[in-house]
Amino acid sequence: MTKNLRPARQPLPETNASPVLRTVRRFRRITCILLAAVSALFVALNLQLFTPASLANIRSSLHAASLVSAGDTTVISYPTGSIQCILPFGNGLAICSDSSLNFELPSKYSQMEMPLSYANPVMRASNQYLLVFDRNAYRFTVTNTLSELYSQTMTSPILNADISTDGSVAIVTDEAGYKSAVTVYNIDNEQLYKWSSPDYYIMSAVLSADGQRLALFCFKQDGLTLTSKLFFTDINSSASPEEGVDMDGNLVLGMKFLGNNTVCVVCDNATYVISRGGQIRYSCEYSADDLLAFDLADDCIALATRSYSQNSRAEVVLINARGTASRNPLGLSSEPDSISYCDGRLAVLTGDTVTFYSKSLREIDQQTNLAGISRIYMRSGGTAIALFNSQARVLSIGNPLKDLQPGDD
């Protein structure tokens with residue numbers, strides 16, 4: 001048996017005469033203290049990651065990821081129960097049923113599942129955060145992809161809401177004693193702003209990406225006259241919004257900040273791009289029956305309207321934050337069932353075919369025979385999510401999905 005002749009490691013003596021050894025010991029002690037302080041600060045700032053539910057979700061995600069097979073990565077399964085609404089979120093889908101909220105990823109596993117019983121749930125998503133509110137009821141919930149961050153019960157029914165990239169939320173309520181009100185909370189559930197309007201009904205409120213600005217689409221009725229206006233305000237302002245932009249009596253269908261200083265407003269009879277200063281940078285009028293579809297992205301809007309030219313039945317344009325529209329609209333031989341835009345890629349669903357276009361509206365791929373497809377969502381990274389009756393599929397541009405049989409959906 002060989003004897004280990006290496007001497008045991010001895011601790012540095014407190015009163016060692018060598019200044020180098022004393023410096024090393026002092027440096028080691030300071031480093032340990034700093035590491036402990038940083039660890040404590042990280043835990044304090046991320047307590048939501050260490051709740052039992054969050055830890056269970058992380059464990060299940062890691063376990064499921066270890067079981068992923070190459071053949072499963074295009075399938076996103078729906079949870080059991082009556083599906084209320086579905087929205088792309090993160091790398092998968094947020095699915096709200098009659099009893100729970102799930103975050104489903106490809107490979108047929110769920111990263112988050114939390115009980116949630118909303119009668120009329122509506123979801124809004126940013127890059128990292130998901131907002132679910134119960135329309136015409138009182139509660140809303142903010143989550144990330146792992147767990148609930150907070151829930152709140154309002155004192156008045158919620159009419160509409162929005163969430164920004166930094167996690168701030170704007171909640172529009174039917175306020176007692178007023179026409180309506182909007183309240184803004186940050187990700188820590190602290191109230192940052194509130195405006196209760198005695199004159200206007202607030203139809204829609206949207207936040208800029210940085211959460212610092214708010215756009216409000218409001219209307220009021222004087223007899224037979226309908227007045228609609230778009231107001232801008234800063235979150236740190238205590239003044240009521242004034243001198244809004246006249247919206248010609250239109251009613252809003254969708255609205256979003258394109259960046260931090262420009263808002264796109266899709267109305268029943270027109271679409272506008274308007275700067276914070278009130279300048280209309282783009283406008284397009286149409287009849288209510290001619291608006292077929294639209295999709296509002298962070299930097300651009302895709303707008304599909306009916307066309308009366310001999311060569312096409314519909315046309316699609318892309319409009320950016322500067323109010324610049326596509327030089328040549330995309331003509332379609334049939335009306336689209338769904339359109340979606342993200343990161344310079346446009347997806348158009350017609351029948352059982354999805355066609356992908358570049359930002360210049362040049363066709364770059366087409367995938368056919370997608371029997372049972374109901375909607376398409378374009379997402380970053382050059383992929384799209386196709387919704388079917390009982391599951392969703394991830395479609396990759398340039399790698400067409402094999403033909404689906406009618407029973408596969």
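- Closest heavy-atom contact between Pro157 and Tyr138: N-CE2, 3.6 Å.
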Carefully, step by step, assess Trp195 and Thr233 under the rule side-chain contact (heavy atoms from CB on, under 4.5 Å). CA-CA 10 Å; Trp195 178 51; Thr233 187; over 6 Å; no
Dump the intermediate steps for side-chain contact (heavy atoms from CB on, under 4.5 Å) on Val184 and Lys194, then the final yes or no. CA-CA 6 Å; Val184 178; Lys194 183 168 185 177; over 6 Å; no
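- Shortest non-hydrogen contact noted between Cys267 and Leu253 is O-CD1, 3.7 Å.
- Taking all atoms of both residues into account, the shortest heavy-atom contact from Leu349 to Gly351 is CD1-O, 3.5 Å.
- Counting heavy atoms from C-beta outward, Tyr272 and Val263 have side chains that stay 4.5 Å or more apart.
- Side-chain contact check for Ile158 versus Phe140: some heavy-atom pair is nearer than 4.5 Å.
- Figure legend: Lys220 and Tyr200 shown as a cation-pi pair, the cationic atom lying under 6.0 angstrom from the six-membered ring centre and within 45 degrees of its axis.
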Worked verdict on Arg124 versus Asn160 for side-chain hydrogen bond (donor to acceptor under 3.5 Å, both in side chains): CA-CA 10 Å; Arg124 305 276 190 256; Asn160 212 334; 3.0 Å; yes
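- Residues Cys342 and Ser380 share a closest heavy-atom pair of SG-N, 3.4 Å.
- In terms of heavy atoms, Met378 sits closest to Ser340 at N-OG, 2.7 Å.
- The shortest side-chain heavy-atom distance between Ser283 and Glu285 does not fall under the 4.5 Å cut-off.
- For the residue pair Thr141/Ser151, the side-chain donor-acceptor check at 3.5 Å is satisfied.
- Using modelled atom types and a 3.5 Å distance limit, the side chains of Glu175 and Ser180 yield no donor-acceptor pair.
- With rounding to the nearest 0.5 Å, the separation of CG in Leu93 from CG in Leu87 is 8.5 Å.
- One finds a salt bridge joining Asp298 and Lys256 here, because a Lys/Arg side-chain nitrogen approaches an Asp/Glu carboxylate oxygen to under 4.0 Å.
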Kindly determine whether Thr153 and Arg139 satisfy side-chain hydrogen bond (donor to acceptor under 3.5 Å, both in side chains), including the steps that lead there. CA-CA 4 Å; Thr153 301; Arg139 289 189 62 78; 2.3 Å; yes
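- The minimum heavy-atom distance linking Ala347 with Ile376 is given by the pair CB-CG1, 3.9 Å.
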Derivation of the side-chain contact (heavy atoms from CB on, under 4.5 Å) call for Lys359 and Arg345: CA-CA 6 Å; Lys359 196 170 186 178; Arg345 295 290 183 264; 5.7 Å; no
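- Residue Glu243 qualifies as open at atom CD: its count of foreign heavy atoms under 6.0 Å is 12 or below.
- Taking the side chain as every heavy atom from C-beta outward, Thr355 and Ile364 never approach each other to under 4.5 Å.
- Between Met203 and Leu251, some side-chain heavy-atom pair lies under the 4.5 Å cut-off.
- Between Tyr193 atom OH and Leu207 atom CG the span is 11.0 Å, to the nearest 0.5 Å.
- Within the 4.5 Å cutoff, the side chain of Val75 has heavy atoms near those of the Ser77 side chain.
- Side-chain contact check for Asn102 and Glu104: at least one donor-acceptor pair (N or O, by modelled atom type) lies under 3.5 Å.
- Using a 3.5 Å distance cut-off with no hydrogens or angles, the side chains of Tyr286 and Thr271 do pair a donor with an acceptor.
- The closest side-chain donor-acceptor pair between Thr74 and Arg393, if any, does not fall under 3.5 angstrom.
- Between the CG atom in Leu149 and the CG atom in Leu131 there is a gap of 11.0 Å [rounded to 0.5 Å].
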Applying side-chain hydrogen bond (donor to acceptor under 3.5 Å, both in side chains), run through Thr165 and Ser126 and close with a yes or a no. CA-CA 5 Å; Thr165 302; Ser126 64; 5.5 Å; no
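- Taking the six-membered ring for Trp and the full ring otherwise, Phe103 and Phe89 have centroids separated by under 6.0 Å.
- Annotation: side chain to side chain donor-acceptor pair (under 3.5 Å) contacts of Tyr185 (sequence neighbours excluded): Gln152.
- Annotation for Tyr201: atom OH does not count as buried by contact number, only 12 or fewer foreign heavy atoms lying within 6.0 Å.
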Check against side-chain hydrogen bond (donor to acceptor under 3.5 Å, both in side chains), Asp166 and Ser164: CA-CA 5 Å; Asp166 73 345; Ser164 70; 2.3 Å; yes
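- Atom OH of Tyr78 sits in a crowded spot, with more than 12 heavy atoms from other residues, nucleotides or ligands closer than 6.0 Å.
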For a side-chain contact (heavy atoms from CB on, under 4.5 Å) check, start with the C-alpha distance between Ser147 and Met114, then their side-chain angles and the critical distance, and finish with the verdict. CA-CA 8 Å; Ser147 63; Met114 57 176 286; over 6 Å; no
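- To the nearest 0.5 Å, atom OG of residue Ser228 and atom CZ of residue Phe219 are 9.0 Å apart.
- Going from atom OG of Ser168 over to atom CD1 of Ile235 covers 7.5 Å, rounded to the nearest 0.5 Å.
- Listed for the Asn269 side chain is no donor-acceptor partner under 3.5 Å among the backbone atoms of Ser287.
- Applying side chain to side chain donor-acceptor pair (under 3.5 Å) to Asp234 and the options Arg276, Arg213, Gln212 leaves one that passes, Arg276.
- In Asp174, the CG atom is crowded: over 12 heavy atoms of neighbouring residues, nucleotides or ligands sit closer than 6.0 Å.
- Using modelled atom types and a 3.5 Å distance limit, the side chains of Asp290 and Tyr308 yield a donor-acceptor pair.
- Defined by atom type and a distance below 3.5 Å, a donor-acceptor pair is present between the side-chain atoms of Ser309 and Ser312.
- Using a 4.5 Å cut-off on side-chain heavy atoms (C-beta onward), Val273 and Gln279 make no contact.
- With a 4.5 Å cut-off on side-chain heavy atoms, Ile171 and Phe133 do not count as touching.
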